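Mind having a look at this structure? Questions to follow.
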Amino acid sequence: MQIASTPPAGLPVEVRGLTKSFGEVRAVTDLSFSVAPGRVTGFLGPNGSGKTTTLRMLLGLVRPDAGTGTIGGRAYADLPRPASVVGAGLESASFHPGRSARGHLRVLAPLLGVPDSRCEQVLEQVGLLDVAERRVGGFSMGMRQRLALAAALLGNPGVLILDEPTNGLDPAGIVWLRDLLRYLAHEGRTVLLSSHVLGEVQAVVDDVVVISRGRLVRACSLPDLIALARHRVLVDGPDQAGLRAVLERHGWSIEVEDGVLAVEQTGGAGAPAIDSRAIGAALFAAGLEVHLLQPQQVSLEETFLALVGGPDSEVVA
Amino acid sequence: MRAALISEARKLTTTQLWWIVSIVMAAYMAMLGAMLAFSFTIDPESMQGGSLGSGSGSETPALTARQVAEAVYTLAPTLGYVFPLVMGALAMTGEYRHRTITVTVLAEPRRSVVLVAKLVVQFVFGAVLGLLGTAGAVLGGAAVLMVVGEPTLLGDSGIWANIGWSVVALALWGVIGVGVGTLVPNQVASVVGILVFTQLVEPLLRLGLAAIEGAGEIAKYLPGAAAEALAGASLYSASGLAELLGRWQGGLVLLGYALALALAGRLTTMRRDIT
């Protein structure tokens, strides 16, 4: 996968205290996070949580009410030939429908200081060379995403910022994008991509920045996020009070859910691991009758939804 | 700046509209030139009894050969200027309509550079449309004048000055278009506004102000009248409907409109957040 002869150095992205309101609506509130070079960072949150506004402030398109966003320590507009330092794909729909894919890139090439031959390279890289002369108006969403990515890669940038790049991609396209972004990060570039679906980027991100309602919820590595995913075991039997007493004696924490006991990971140090075999053994030793002993895995997506306030937490921004 | 100019020029040439408008401009002006030359020379009386001459009464003398030639050859600034005006507006409103302004400003964050590049490119394209439109009017008009045996006056340097300045006037209309489009980035509103102003408001104002004692002076400073002054003649002035400013005055007034609109657009639309 040839990108260019020498990959440029990735630069750290720093967001410090960004705040923005549109009229009465608070879009982003005191948001701070860092994005490291050489890693893929997922910028996650529900639709309307302020992801796009944050990226637009970082790229100088929207003026923040407070705070700063910098790339390699400088504001986007202060970078020399910024689009060749930072490749941004913000909107897959932002193409003139009457312009060809090639035409779109050729409009950008002079501003990025790259020769027209570079347009052919990136068209080939994203698999659009065969349709380069076709008007973008007839492109599918997936093809537009590929063109937006080609435009972002045109200047061989050390930093890639992509807003919802998986939208409209078919599963094969998502795998392709994942491999490409992995490769770009492996070369040392900084890759920041936003998504409202953790599952679509879970396989590619190293770090996550989770926001909800314009505020930071969590910034951590993906393994740390996965560790938040809880395991639990549902338990029931005729003597619920007896079951409960035994389980609590063993140090498990219990909640009642839909009339059955849910044995949850407390997360505290020294708490016993949630394991249906250990629970079953403890209850058998206590001579209690058990009707239900069911391990349950809380998925990463559910953990994510719990972090951002559940599926009904969408706000307008 | 050079990169921005190349980028803007490519925006124009990578879509289809520019050559369609170019052909329409040349053909439309050639047709109007031929028709006007025909109606002036075959039946000069019709100009006095008809709508164009209604305000001047029956004592208006028939047009001289020079007036006919001037009116016909300057049809582009008189009637064809709406083409560069709309193209100029589309250069900016298209960016907002198709949301390409995001990509444009990311590639060139200096928004003044973006605006100036558009102004320059539309000045040049306005000149191209001016060249094509004026060539159409001259060819169509002169052909008819020759056929009916009237002088074409194409050996006259004054007439060629009219023709040359017509091209400049259309180039300035392209610049004004960019200003309008920047001030009113909504494409539909911008184009409808241009059509209503050029086809209805300004003609009515010019007729209305001319009828009011002392107000005719104001009408000379309307942009259409200023452009005709730059060209040095127009259908309106030739038929005695309106007086024009001097060439330099007209040119400066037109340039003033162009710069004022561009500046207003820079201070409003181009300062806003791009969301």
Side-chain angles (χ1 to χ4, degrees), chain A residues 20 22 27 52-53 55-65 75-84 86-114 116 133 135-137 147-148 151-152 154-155 157 161 163 317, chain B residues 1-22 87 89-118 120-122 125 181 185 187 266-275:
Chain A
K20 180 72 181 181
F22 293 110
T52 301
T53 301
L55 296 182
R56 285 183 176 266
M57 285 193 279
L58 180 59
L59 295 168
L61 295 166
V62 168
R63 199 190 315 252
D65 296 336
Y76 180 83
D78 295 335
L79 294 166
R81 265 202 190 124
S84 59
V86 182
L90 284 192
E91 274 176 62
S92 52
S94 60
F95 301 107
H96 191 297
R99 192 172 284 141
S100 70
R102 180 174 282 130
H104 179 78
L105 297 175
R106 284 187 175 223
V107 162
L108 292 175
L111 293 170
L112 273 60
V114 299
D116 288 349
E133 277 306 303
R135 293 192 206 171
V136 178
L147 181 55
L154 189 60
I161 296 178
D163 196 10
Chain B
M1 191 70 227
R2 186 171 169 271
L5 287 172
I6 297 171
S7 178
E8 284 303 326
R10 285 183 174 187
K11 277 179 197 165
L12 185 65
T13 55
T14 49
T15 51
Q16 311 296 308
L17 198 57
W18 69 276
W19 61 264
I20 297 171
V21 168
S22 295
M87 285 302 284
L90 292 181
M92 189 59 89
T93 61
E95 296 257 20
Y96 282 89
R97 179 169 175 212
H98 303 300
R99 311 179 68 94
T100 51
I101 188 71
T102 293
V103 181
T104 298
V105 171
L106 281 178
E108 179 47 89
R110 294 169 297 175
R111 298 185 186 186
S112 296
V113 172
V114 172
L115 178 58
V116 169
K118 282 189 193 295
V120 172
V121 166
Q122 290 302 317
F125 186 60
Q187 189 162 79
R266 177 64 188 90
L267 295 176
T268 54
T269 306
M270 296 292 277
R271 275 173 61 133
R272 285 189 200 121
D273 287 342
I274 297 168
T275 53

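Within every chain, numbering begins at 1; the chains are lettered A, B, ... in the order of the sequence lines, protein sequences first and strands thereafter. This is a predicted model, so every value here is computed, not measured.
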Greatest number of non-hydrogen atom pairs under 4.5 angstrom with chain B, of A:Gly155, A:Gly98, A:Pro97, A:Ala151, falls to A:Pro97
Output for pair (B:Thr100 OG1, A:Leu108 CG), nearest 0.5 Å, gives 9.5 Å
Note: B:Pro109 and A:Ala77 closest approach over all heavy atoms is CB-CB, 3.9 Å
The interface call for A:Leu112 against chain B, heavy-atom contacts under 4.5 Å, is side chain
Of the listed A:Ala83, A:Pro82, A:Gly113, A:Pro110, the one with the largest count of heavy-atom pairs under 4.5 Å with chain B is A:Pro110
Check your understanding: Would you say the side-chain atoms of B:Arg99 pair up with the backbone N or O of A:Phe95, donor to acceptor, closer than 3.5 Å?
Key -> no
Honestly, the part of A:Arg102 sitting under 4.5 Å from a heavy atom of chain B is neither
Cut-off 4.5 Å, heavy atoms of chain A, and the answer for B:Arg2 is neither
Closest non-hydrogen contact found for A:Arg63 with B:Asp273 is N-OD1, 2.8 Å
To the nearest 0.5 Å, atom CZ of B:Arg97 lies from atom OG of A:Ser94 at 14.5 Å
Please check if the number of heavy atoms outside B:Arg266 that lie under 6.0 Å from its CZ is greater than 12.
yes
Given B:Thr13, B:Thr102, B:Ile6, the one with more heavy-atom pairs under 4.5 angstrom with chain A than any other is B:Thr102
Go through it in stages, so that I can follow the logic: the residues are B:Thr14 and A:Val107, the test is side-chain contact (heavy atoms from CB on, under 4.5 Å), and I'd like the CA-CA distance, side-chain angles, deciding distance and then a yes or no.
CA-CA 8 Å; B:Thr14 49; A:Val107 162; 3.8 Å; yes
Do A:Arg106 and B:Ser7 have side-chain N/O donor and acceptor atoms under 3.5 Å apart? no
Between the CZ atom in A:Arg81 and the CD atom in B:Glu108, the distance rounded to the nearest 0.5 Å is 10.0 Å
CD (B:Gln16) and CZ (A:Arg99) are apart, to the nearest 0.5 Å, by 10.5 Å
The reported gap from CG in A:Leu61 to CZ in B:Arg272 (rounded to nearest 0.5 angstrom) is 15.5 Å
Here the gap from B:Leu106 atom CG to A:Leu111 atom CG, rounded to the nearest 0.5 Å, amounts to 11.0 Å
